[in-house]
Amino acid sequence: MNIYNVKLRLNLDKPEHRAAYETLKASGKSMSQFVIAAVNAYGGYLSREKEKDVLLRQVSDTVRSTLSEMLGFSLTAVKPVEIPADIAEESGEIADDFLQNF
């Protein structure tokens with residue numbers, strides 16, 4: 001068998017650790033099953049976020065190129081669109097909420 005062991009240590013004096021412990025305990029799954037499902041769900045979330053970033057860059061580049069052609073001058077000095085920190089943070093909070101309700 002190809003088995004990898006991971007040790008999880010929770011300090012129940014810390015509220016976020018206690019909340020994680022309570023979630024694990026109430027899940028009705030073994031700790032291994034729960035952690036595997038949570039990690040895979042979070043990994044899927046990260047993949048979707050990366051795909052969104054790539055799509056946003058492609059759309060931005062296409063719009064910039066089209067506008068350059070239409071206006072007859074280069075928009076290379078125009079800064080590429082970046083995702084604002086508050087939106088990125090909100091996405092992270094959504095993922096955290098998802099994992100807490102898993």
Determine whether Lys52 and Leu55 make a side-chain contact, defined as any pair of heavy atoms from C-beta on separated by less than 4.5 Å.
no

Counting distance only, does the side-chain N/O of Thr66 pair as donor-acceptor with the main-chain N or O of Val63 below 3.5 Å?
no

Between Leu24 and Leu8, is any pair of side-chain heavy atoms under 4.5 Å apart?
yes

Got a second to check how far Glu16's CD is from Leu10's CG, nearest 0.5 Å?
10.5 Å

Just so I know, are the side chains of Ile3 and Asn5 near enough to count as touching, which here means a heavy-atom distance under 4.5 Å?
yes

Is there a chain of hydrophobic side chains (I, L, V, M, F, W, Y, each step under 4.5 Å between heavy atoms) that links Met31 to Ile36?
no

Checking Arg18 now: which residues fulfil side chain to side chain contact (heavy atoms under 4.5 Å, CB included) with it, not counting sequence neighbours?
Leu12, Glu22

Using modelled atom types only, decide if a donor and an acceptor are shared between the side chain of Ser60 and the backbone of Leu56 within a distance under 3.5 Å.
no

For Ser32, enumerate each residue passing the side chain to side chain contact (heavy atoms under 4.5 Å, CB included) test, keeping only those at least two apart in sequence or located in another chain.
Ser30

